[in-house]
Amino acid sequence: MRIAVYPGSFDPITNGHLNIIERATNIFDKIIVGVANNPKKSTLFSAPERIDMIKEVTKNLEKVKIQSFSGLLIDFMKSNKANIIIRGMRAISDFEHESQLALMNKRLAPEIETIFMVTCSKYSYLDSSIVKEIASLNGCINQLVPEIVEKKLREKLFNKNI
Ligand code: ADP
């Protein structure tokens with residue numbers, strides 16, 4: 001059984017993330033979306049909120065499970081008997097940081113492989129930060145995030161501003 005972990009902040013999940021998850025279901029038997037719960041990293045959405053949104057938008061994908069983790073990714077991998085890390089690669093600017101992470105994880109756990117999936121071109125400029133920025137300025141984020149995420153973003157940003 002090929003179990004892969006797709007780790008990230010997912011603050012919030014975008015259509016770019018979702019595209020990677022969907023494509024990964026064609027390759028792996030089980031995909032665990034690992035939602036990083038790092039108290040040092042401030043996020044707009046809490047881990048449970050991020051998890052709920054991912055659960056909602058992946059509910060039709062049987063092979064996909066969602067879990068939060070704190071601590072080392074490789075420890076999370078080992079506790080789930082997973083040995084493949086999936087990361088999305090958007091532009092060459094991702095390469096430096098991503099290869100550093102992959103090489104460090106290789107050093108810590110040689111049995112674990114990192115696999116990069118190239119983003120589909122229509123989402124190659126997309127990340128959670130730009131979505132949050134556009135939403136906070138009341139711009140249109142339709143087609144960049146699933147509808148439920150758009151709604152949660154508006155709620156969160158609107159309630160915050162009150
Ligand atoms: P992190 O804080 O770990 O970078 P992110 O939630 O920003 O968490 O990203 C998680 C993973 O998803 C990373 O591998 C990132 O490269 C990938 N990713 C982010 N945005 C996109 C996108 N638009 N298309 C494909 N992959 C993406």
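Since we're looking at a predicted model, the values are computed, not measured. One-based numbering, in listed order, for ligands and for the atoms of each.
Atom 16 (O) of ligand 1 has Gly88 O, 2.7 Å as its closest protein atom, hydrogens excluded (heavy atom only). For atom 25 (C) of ligand 1, the nearest non-hydrogen atom of the protein is Thr119 OG1, 3.0 Å. Considering only non-hydrogen protein atoms, atom 17 (C) of ligand 1 sits nearest to Tyr6 OH, 3.5 Å. Protein heavy atom at the shortest distance from atom 8 (O) of ligand 1 is Ser9 N, 3.0 Å. Nearest protein neighbour of atom 4 (O) of ligand 1, counting heavy atoms only, is Arg87 NH2, 3.5 Å.
The backbone N or O of Arg2 sits less than 3.5 Å from a side-chain atom of Asp29, completing a donor-acceptor pair. For Glu49 (side chain) and Ser46 (main-chain N/O), a donor-acceptor pair under 3.5 Å exists by modelled atom type. Distance alone, capped at 3.5 Å, places no donor-acceptor pair between the Arg90 side chain and the Val118 backbone.
Residues Val145 and Thr14 approach most closely at CG1-CA, 4.0 Å, considering heavy atoms.
In terms of N/O distances under 3.5 Å, ligand 1 is not approached by Asp127.
Ion pair Glu150/Arg154 flagged as a salt bridge, since at least one NZ, NE, NH1 or NH2 atom sits closer than 4.0 Å to an Asp/Glu carboxylate oxygen. In summary, Asp11 and Lys132 engage in a salt bridge, as defined by a charged side-chain N under 4.0 Å from a carboxylate O.
Within the 4.0 Å heavy-atom criterion, both parts of Leu126, backbone and side chain, lie near ligand 1. Contacts of His97 with ligand 1, taken as heavy-atom pairs under 4.0 Å, are absent altogether. Of the heavy atoms in Arg90, only side-chain atoms (C-beta onward) come closer than 4.0 Å to ligand 1.
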From CA spacing to verdict: side-chain contact (heavy atoms from CB on, under 4.5 Å), Arg87, Thr114: CA-CA 7 Å; Arg87 295 288 286 176; Thr114 301; 4.1 Å; yes
Step-by-step side-chain contact (heavy atoms from CB on, under 4.5 Å) determination, Ile66 to Ile32: CA-CA 5 Å; Ile66 299 102; Ile32 303 169; over 6 Å; no
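In the hydrophobic clustering (ILVMFWY side chains linked at under 4.5 Å, chained through shared members), Leu103 stands by itself.
Partners of Asn19 under the side chain to side chain contact (heavy atoms under 4.5 Å, CB included) rule, at least two apart in sequence or in another chain, are Arg23, Cys120, Tyr123.
Here is the list of ligand 1 atoms found below 4.0 Å of a heavy atom in Lys41: 2 (O). The distance from ligand 1 to the heavy atoms of Gly16 drops below 4.0 Å at these ligand atoms: 22 (C), 23 (N), 24 (N), 25 (C). Residue Phe10 has at least one heavy-atom neighbour below 4.0 Å for each of these atoms of ligand 1: 6 (O). Residue Ile20 approaches ligand 1 through these ligand atoms, each under 4.0 Å from one of its heavy atoms: 25 (C), 26 (N). The contact set between ligand 1 and His17, taken as ligand atoms under 4.0 Å from a residue heavy atom, comprises 5 (P), 6 (O), 9 (O), 10 (C), 12 (O), 18 (N), 19 (C), 20 (N).
For Met117, the heavy-atom gap to ligand 1 stays at 4.0 angstrom or more. At least one heavy atom of Pro7 sits closer than 4.0 Å to an atom of ligand 1. Within the 4.0 Å heavy-atom cutoff, Tyr125 does not count among the residues contacting ligand 1.
When only modelled atom types and interatomic distance are considered, Glu147 and Asn142 share no side-chain donor-acceptor pair under 3.5 Å.
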